[in-house]
Number of protein chains: 2
Amino acid sequence: MNIGEIARRSGVARSTVSYALSGKRPVAEETRRRIQAVIDELGYQPNATAKALKEGRTRTLGLVIPPASRRLTDLQLGFVASVVDAAARADLDVLLSPSGGEHDRSFERVVSGRRVDGVILMEIRLEDDRVARLRRSRLPFVGIGHTSRPDEMSWVDVDYETLISGCVHHLADLGHRRIALVNRSAELVAAGYGPAHRAQAGFTRAAAERGVEGVEVCCADDARAGQSCVERLLADDPGLTAIATINEAAMPGMFRAIERAGLAVPGDFSITGVAARLWAESLHPPLTAADMPADELGAHAVEMLIQRIAEPATPHRHLLVAPPISLRGTTGPARPRKPGDQV
Amino acid sequence: MNIGEIARRSGVARSTVSYALSGKRPVAEETRRRIQAVIDELGYQPNATAKALKEGRTRTLGLVIPPASRRLTDLQLGFVASVVDAAARADLDVLLSPSGGEHDRSFERVVSGRRVDGVILMEIRLEDDRVARLRRSRLPFVGIGHTSRPDEMSWVDVDYETLISGCVHHLADLGHRRIALVNRSAELVAAGYGPAHRAQAGFTRAAAERGVEGVEVCCADDARAGQSCVERLLADDPGLTAIATINEAAMPGMFRAIERAGLAVPGDFSITGVAARLWAESLHPPLTAADMPADELGAHAVEMLIQRIAEPATPHRHLLVAPPISLRGTTGPARPRKPGDQV
DNA sequence: TTGTAGGCGTTATCAA
DNA sequence: TTGATAACGCCTACAA
């Protein structure tokens, strides 16, 4: 079913059908009705591919996500959902590309086949080949996250540095003198994953500012790792009374280790960090944390990308979001751990 | 940069460039090299939109997901990831459409604009308008889930009925005489959500078969709801010693309620159900459960869809997956609850 | 108010 | 071995 068939059956030219649909030039009411009747009868819908070829744009955004093998975190999923949602609101479709690893062909198709009008890139490393590739392609793109050269691209990001720094300050205010940062996995840190590095930076800075002793550990992104990691921390360091973390996935295990050590939260031990709001509230006790604004970030990324598509020459824009820390139930005044508390 | 430009610069016809790239007809080695040199120099990539128009297919699959407003469960996310992954392996791209609610335009674009070669539909209701719409469109599609008329479409699904029935049998074998089914939310049940209904059916059947007393409750998909739901169950029914559930999201709260009631798992109380493997293992104690094979289902759905696209006239295929129950740490022999155990 | 014709970038048929 | 040309389905400038 195509526009020619509709034209033939309504006894008009193809262009008349096109104009009747787009309204870009007046069509006699009588003609319009006749055309509409045929369209309704045959259930005609214009072919999006042909329209895209003609117009030179696809009304589709590419979303480059981490490959499925590495399980997406709650937060990353929040981004995907919010991007798709924001795009749908703007009547744009979203083409998903699991990049990295074995699926470079998928990335390459999206970037170089003109299948999309622009790209949103997730999980950006401090040094990231995909950013270089996209810059060469001249395809408009926006990062959720950024590289070590922030000015080379447009991005939205979470200000982990400020957030973790805020956590340390909050804990210091409560009298904690020895605080641990439980970071993301050692692999991610080694790979130059920005959030992990910036969390480190904020932690170190704030600890220095407050004269607090800080311990940094990396931890894989799962509950089991969180548990063994905190067990080790508690055993090694009897003076430790609080943890700040950006590792949401490991947190259930961390709670378990604390509980196993006979420590009450927040009576004996405080824990805080960065997490999705719903998730933080579902914990027990609910987590004092900076609530990650996934919706907001995704929506902003889409909006920024739409603008770049419209005016590619525009200077790059950056948005660093640092939501306030929501006080809930997991932080309290420091209290020295009794010897018996240790594992 | 288009094929004409490459042809001009290499001093050959457009068709020769096309054939040099596709290999569909022999091209003199010398010519081929000259063309390749120009292509490399200019970084030419064929325009996927033009190719799609010419070939009549887009090499893209549509994936219809629940809208972002309703948070996706771990399992649903597993489907998305595995579908995207399987599609990438077949060199197919995936177009995401958050359907239902406010985004019907997105669904309509995907279905009727010939933007995709086929569709995978998630979260199917027993009566589902989208299935009817897709059938009318004659676009090949495969469901993850199915309607009340299984034969009208191709699908893959989880056999919740068999799984929950298996859970009940397992609990009955352990001597439990009063068992509760914690189902998904009342809204979903009312909306005719298949898995919820089939879980009900399997529960009722197995309870009858074993002469066990079964209690059914609906529960919203979050930890808080799980907690209050189980608190009520324990208070109302002192004889209750075990729970089977398909509500993964509510489970942390359910554990909390059991623990608060002073009951040990699995010593005093057993709990089992259906959940993602990684998730089940991360619980404490690890959950005895049927491990949801999200990867497998997604991959099968893609494979089935590819086959339907190739041969649309083929009879519908169905795949019902019932993974075995993995014995872990949350089920044990029934033991009468002592009066003091109750809340 | 409507029709004709050309072109978006490809691929495939027919000729040479 | 290669070139010219039509066609995929749509939009739009130009002509009537």
Side-chain angles (χ1 to χ4, degrees), chain A residues 1-36 38-39 42-60 93 109-117 137-139, chain B residues 1-36 38-39 42-60 91 93 109 111-117 137-139:
Chain A
M1 191 47 42
N2 60 39
I3 202 172
E5 183 66 14
I6 302 297
R8 212 176 50 67
R9 299 219 195 186
S10 345
V12 298
R14 297 206 310 274
S15 56
T16 304
V17 177
S18 177
Y19 285 121
L21 282 170
S22 71
K24 289 193 181 170
R25 94 179 177 188
V27 171
E29 182 54 24
E30 153 66 12
T31 315
R32 208 196 52 70
R33 254 204 304 272
R34 206 167 63 238
I35 293 172
Q36 191 58 52
V38 176
I39 286 179
L42 302 190
Y44 164 76
Q45 291 278 137
N47 179 313
T49 305
K51 185 180 292 196
L53 177 58
K54 172 65 186 176
E55 293 190 339
R57 62 166 177 166
T58 60
R59 295 177 188 280
T60 303
D93 291 316
R109 273 200 306 275
V110 166
V111 172
S112 59
R114 303 229 190 307
R115 286 177 81 10
V116 300
D117 298 333
S137 79
R138 316 207 133 281
L139 194 62
Chain B
M1 191 47 42
N2 60 34
I3 203 172
E5 182 67 13
I6 303 295
R8 215 176 47 69
R9 300 219 196 186
S10 343
V12 297
R14 296 204 309 275
S15 54
T16 303
V17 177
S18 177
Y19 286 119
L21 282 170
S22 71
K24 290 190 182 172
R25 94 179 177 189
V27 171
E29 183 54 25
E30 153 67 14
T31 316
R32 208 197 53 69
R33 254 203 304 274
R34 205 169 62 238
I35 293 172
Q36 191 58 52
V38 176
I39 286 178
L42 301 191
Y44 162 76
Q45 291 279 136
N47 180 313
T49 304
K51 186 180 288 197
L53 177 58
K54 176 64 186 167
E55 294 189 337
R57 61 165 178 168
T58 59
R59 294 176 189 280
T60 303
D91 281 327
D93 291 316
R109 273 200 306 273
V111 173
S112 59
R114 300 227 190 308
R115 287 175 82 15
V116 299
D117 297 334
S137 79
R138 315 208 131 280
L139 194 62

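Proteins get letters first, then strands, A, B, ... in listed order; numbering begins at 1 in each. The structure presented is a predicted model; accordingly, all values stated were derived computationally and were not measured.
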- Integer-rounded Å distance: C/dT10 C1' and B/R59 CZ: 13 Å
- In whole Å, what is the span from the NZ atom of B/K51 to the C1' atom of D/dG9? 19 Å
- In whole angstrom, give the distance that lies between atom OH of B/Y19 and atom P of C/dT10. 15 Å
- Message: So, under a plain 3.5 Å distance rule, would you say the side chain of A/S15 forms a donor-acceptor pair with the base of C/dT4?
- Response: yes
- Task: For A/E55 and D/dG9, give me the distance from atom CD to atom P, rounded to whole Å.
- Result: 17 Å
- Item | Pairing of A/R115 and B/D93 as salt bridge, 4.0 angstrom limit | yes
- Item | Under-3.5 Å donor-acceptor pair between B/R25 side chain and D/dT1 base | no
- Under 4.0 Å between any heavy atoms, over every strand shown, what does B/G113 touch: base, sugar-phosphate, or nothing? Just pick one. nothing
- Message: In this structure, how many angstroms lie between the P atom of D/dG9 and the CE atom of A/M1, rounded?
- Response: 10 Å
- Query: What does B/T31 touch in the nucleic acid at a heavy-atom separation under 4.0 angstrom: a base, only the sugar-phosphate, or nothing?
  - Reply: sugar-phosphate
- Nearest-Å distance, CD (A/E30) to C1' (C/dT2)? 14 Å
- Message: Could you work out, with side chain to side chain donor-acceptor pair (under 3.5 Å) as the rule, every residue matching B/D91, not counting sequence neighbours?
- Response: A/R105, A/R109
- Note on the structure: Atom CG of B/L21 and atom P of C/dA12 are separated, to the nearest Å, by 12 Å
- Apply side-chain contact (heavy atoms from CB on, under 4.5 Å) to A/R34 and A/V12, showing your working. CA-CA 10 Å; A/R34 206 167 63 238; A/V12 298; 3.5 Å; yes
- Message: If you only use heavy atoms from C-beta on, which nucleotide in D/dG3, C/dG9, C/dT10 is closest to the side chain of B/L53?
- Response: C/dG9
- What distance separates B/R32 CZ from B/L21 CG, expressed to the nearest 0.5 Å? 9.5 Å
- Message: Measuring to OP1 and OP2 of C/dA12, would you say a side-chain N or O of B/K54 lies under 4.0 angstrom away?
- Response: no
- Message: Measuring to OP1 and OP2 of C/dG9, would you say a side-chain N or O of B/N47 lies under 4.0 angstrom away?
- Response: no
- Message: Taking only side-chain N and O atoms of B/K24, does any of them lie within less than 4.0 angstrom of OP1 or OP2 on C/dA12?
- Response: yes
- Query: What distance separates A/R114 CZ from B/N2 CG, expressed to the nearest 0.5 Å?
  - Reply: 9.0 Å
- Query: According to a strict under-4.0 Å criterion, is B/S18 in side-chain N/O contact with OP1 or OP2 of C/dT11?
  - Reply: yes
- Query: Under 4.0 Å between a side-chain N or O of B/T16 and OP1 or OP2 of D/dG3?
  - Reply: yes
- Between C1' of C/dG9 and CD of B/E5, the distance in whole Å: 13 Å
- Item | Comparing A/R14 and B/A13 on DNA chain D - which has the more 5′ nearest nucleotide | B/A13
